[in-house]
Amino acid sequence: MTDNIHAKVLILGSGPAGLTAGIYAARANLNPLMVSGLQPGGQMTITTDVENYPGFAETIQGPWLMEEMQNQARKVGTTFVSDLIVSVDFSSRPFLCTGDTGTVYSGDTVIVSTGATARWLGLDSEEKFKGFGVSACATCDGFFYRGKKVCVIGGGNTAVEEAIYLTNHAEAVTLIHRRDELRAEMILQDRLMANPKITVIWDSVLQEVIGDDKPLGVTGARIANVKTSEQTVLEFDGVFIAIGHNPNTEIFAGILDMDDEGYLITQADVTATNIPGVFAAGDVQDKIFRQAVTAAGTGCMAAIEAEKFLAAATSADRRSAAE
């Protein structure tokens with residue numbers, strides 16, 4: 001027999017956006033239910049040193065921060081369920097979401113905070129050094145490479161922006177691109193080429209991240225030219241993979257409005273989607289900032305908007321009953 005669980009506020013995803021939404025919704029006595037998803041805690045759980053989240057003078061660890069957020073959300077009344085939503089029906093309220101376990105979760109409102117996943121190259125060495133010299137976020141980790149040498153893999157807007165940003169910290173930045181021209185906007189290309197700290201290596205791909213085992217850390221990269229197959233080993237202290245992100249929105253295709261990259265579209269200055277009562281927060285709708293603090297901010301917004309939506313719906317029901 002299929003289990004059915006109902007909540008006034010159903011939160012999909014448990015990163016900074018979802019957890020903050022849970023905290024605010026619980027404090028509003030809405031008894032939120034959070035379906036944790038495939039990666040409880042989101043991308044922060046694969047981030048080591050965090051120095052840019054407000055409130056902590058000393059460096060903290062990403063997994064620890066997510067654990068503290070979870071504890072806070074649970075303490076104020078958020079209920080957690082370990083499941084992955086595989087299909088949704090937003091055609092009427094209450095909204096229905098089916099989990100991989102077969103459980104059907106219904107919500108008077110839904111907050112989508114399923115996040116985004118950084119695209120990786122799929123190299124074994126890349127996986128080995130994630131968090132130890134391999135990163136997908138220059139804004140998050142660039143500070144740790146002050147006066148050091150780093151490389152950025154990619155050729156689009158993300159890669160060029162990351163390379164330019166890293167010059168604020170690193171001594172030298174090398175952009176490695178598999179083609180002989182960049183896909184980034186021309187204004188970004190002009191800025192890149194004009195920066196004396198940046199070197200571009202064309203027609204090349206990352207073959208292997210090289211590093212030490214004790215202590216675990218990146219020392220360089222093996223690069224292969226795609227035209228000549230020539231391989232070169234270069235010394236780097238950090239490798240930044242910047243080939244984009246994939247928002248986790250597949251199950252909402254054809255249901256919620258999204259842009260051509262799959263990011264959910266929300267109304268101006270709010271988190272409301274095209275379906276009243278369904279809200280989107282965090283990296284699932286933010287392809288510009290993608291920071292834990294901005295995700296948390298939109299999670300707060302979504303919870304407050306859900307509370308107002310429920311209050312308005314209750315008033316409407318009372319008026320209908322009185323008529």
Side-chain angles (χ1 to χ4, degrees), residues 15-17 19-20 39 41-66 69 113 115-121 126 129-177 182-185 187-189 191-192 195 197-198 209 218 236-248 261 263 281-300:
L19 291 170
T20 304
Q39 187 179 30
Q43 293 185 74
M44 287 294 287
T45 59
I46 59 172
T47 301
T48 51
D49 293 345
V50 176
E51 291 188 338
N52 58 359
Y53 198 87
F56 301 95
E58 301 299 327
T59 301
I60 58 175
Q61 300 298 300
W64 176 86
L65 178 61
M66 291 299 94
M69 283 191 180
S113 53
T117 304
R119 295 176 192 152
W120 299 94
L121 296 172
E126 172 189 63
F129 291 104
K130 279 182 184 177
F132 297 92
V134 171
S135 171
C137 181
T139 310
C140 308
D141 300 326
F143 182 76
F144 302 112
Y145 296 91
R146 288 168 294 175
K148 298 183 178 182
K149 296 179 180 179
V150 300
C151 69
V152 177
I153 311 299
N157 283 351
T158 299
V160 173
E161 288 172 349
E162 299 268 271
I164 293 171
Y165 173 81
L166 285 166
T167 61
N168 294 321
H169 305 289
E171 172 188 307
V173 178
T174 301
L175 181 72
I176 300 169
H177 185 42
L182 300 172
R183 294 177 287 107
E185 297 171 358
I187 188 171
L188 291 175
Q189 293 191 40
R191 291 172 184 169
L192 181 90
N195 195 309
K197 283 189 173 184
I198 299 176
V209 178
V218 169
F236 297 114
D237 301 293
V239 176
F240 288 83
I241 310 299
I243 55 177
H245 288 73
N246 293 319
N248 302 319
E261 295 180 70
Y263 287 88
D283 288 7
V284 77
Q285 53 85 233
D286 171 22
K287 61 182 178 182
I288 299 175
F289 302 105
R290 294 196 299 265
Q291 299 297 301
V293 67
T294 51
T298 54
C300 163

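Residue numbers run from 1 in the order of the sequence given. FYI, side chains are in, hydrogens and waters are out, and symmetry mates aren't considered; it's all heavy atoms of this structure.
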Test item: Y53 and V293 side chains (from C-beta on) under 4.5 Å apart, heavy atoms: yes
Listed once per pair and sorted, the side chain to side chain donor-acceptor pair (under 3.5 Å) pairs that draw on residues 144-153, sequence neighbours left out: none
Passing option when I198 is tested against L192, V152, L166 for side-chain contact (heavy atoms from CB on, under 4.5 Å): L192
D286 side chain near T298 side chain, heavy-atom distance below 4.5 Å: no
Sequence-distant partners of C300, disulfide bond (SG atoms under 2.5 Å apart), two or more places apart: none
Q43 side chain to A116 backbone, donor-acceptor under 3.5 Å: yes
Nearest-0.5 Å distance, OG1 of residue T59 to CZ of residue F144: 5.5 Å
Pairing residues for T117 by the side-chain hydrogen bond (donor to acceptor under 3.5 Å, both in side chains) criterion, not counting sequence neighbours: N248
Pairwise side chain to side chain donor-acceptor pair (under 3.5 Å) hits with a residue in residues 160-171, at least two apart: Y165-H169, T167-N195
Close side-chain approach of L182 and L175, heavy atoms under 4.5 Å: yes
Intermediate values then yes/no, side-chain contact (heavy atoms from CB on, under 4.5 Å), C140 and R290: CA-CA 10 Å; C140 308; R290 294 196 299 265; over 6 Å; no
D141 side chain near F240 side chain, heavy-atom distance below 4.5 Å: yes
Sequence-distant partners of W120, ring-ring contact (aromatic ring centres under 6.0 Å, His included), two or more places apart: none
Beyond-backbone contact of V239 with F129, side-chain heavy atoms, under 4.5 angstrom: no
Under 3.5 Å donor-acceptor, Q189 side chain and A184 backbone: yes
Derivation and outcome, side-chain contact (heavy atoms from CB on, under 4.5 Å), residues F56 and L65: CA-CA 10 Å; F56 301 95; L65 178 61; 4.0 Å; yes
F289 CZ to T139 OG1 distance, which is reported to the nearest 0.5 Å: 10.5 Å
Heavy-atom pair of closest approach, residues C151 and I176: CB-CD1, 4.1 Å
Inter-residue atom distance I153.CD1 - T158.OG1, 0.5 Å rounding: 14.0 Å
Contacts of I243 that satisfy side chain to side chain contact (heavy atoms under 4.5 Å, CB included) - sequence neighbours left out: R119, L121, I241
Distance-minimising heavy-atom pair for P16 and A292: CB-O, 3.6 Å
Note, C137 side chain near Q291 side chain (heavy atom, < 4.5 Å): yes
Residue pair L19 / M69: nearest heavy atoms and the distance that separates them: CD1-CB, 3.6 Å
Distance in Å, I164 CD1 paired with K197 NZ, rounded so as to fall on 0.5 Å steps: 13.0 Å
